[in-house]
Amino acid sequence: MERESVSTITTKNQTTVPKQVRETLSLEPGDKIRYLIDANGLVHIVKAEPVSNMWQTAYAQEKKYGSFDTAEPNWGADIESEEFD
């Protein structure tokens, strides 16, 4: 059974997500939604999964486990030399 909801686009190109849609997708304030447009031009709205921020993750790991800094490796005496074997 299909259900239909209607909302109005404002002059600022904004709209309110209808309550029926919010409840169906379990949307909460601050959640993101994704618009998927299929080959027939139909638009599907789904709840977007949160994308983790790589830097926030790295900071949290550094805070938990300590610094990830490593000493510079010694590549040998000829690394800055123009002479190679």
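Computed from heavy atoms alone, side chains included, the values below leave out hydrogens, waters and symmetry copies. Nothing fancy with the numbering, it's 1 onward along the sequence.
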**Message:** Side chains of S7 and T15: any donor to acceptor distance under 3.5 Å?
**Reply:**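 Note: T15 and S7 side chains meet the donor-acceptor criterion.
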
**Prompt:** Can you name the residues that form a side-chain contact (heavy atoms from CB on, under 4.5 Å) with A60, not counting sequence neighbours?
**Reply:** none

**Connected-component partners of W55 among ILVMFWY, side-chain separation under 4.5 Å** = M54

Are [X] and [Y] close enough that some pair of their side-chain heavy atoms sits under 4.5 Å apart?
X: R34; Y: I45; value: no
X: V17; Y: I33; value: yes
X: T16; Y: R22; value: yes
X: L36; Y: V43; value: no
X: Q14; Y: I9; value: no

**Prompt:** Do you know the tightest heavy-atom contact between P18 and V6?
**Reply:**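 Scanning both residues, the minimum pair turns out to be CG-O, 4.1 Å.
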
**Message:** With rounding to the nearest 0.5 angstrom, report the NZ to CG distance, K19 to L27.
**Reply:** 13.5 Å

**Atom pair OG1 (T24) and CZ (R3), whose distance is rounded to the nearest 0.5 Å** =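 CZ of R3 is found 4.0 Å from OG1 of T24.
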
**Asked** Is a donor on one side and an acceptor on the other found under 3.5 Å between the side chain of N40 and the backbone of L42?
**Response**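 Between the backbone of L42 and the side chain of N40 there is no qualifying donor-acceptor contact (under 3.5 Å).
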
**Request:** Keeping the roles fixed (side chain from K47, backbone from K32), state whether a donor-acceptor pair exists under 3.5 Å.
**Result:**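 A pair under 3.5 Å: no.
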
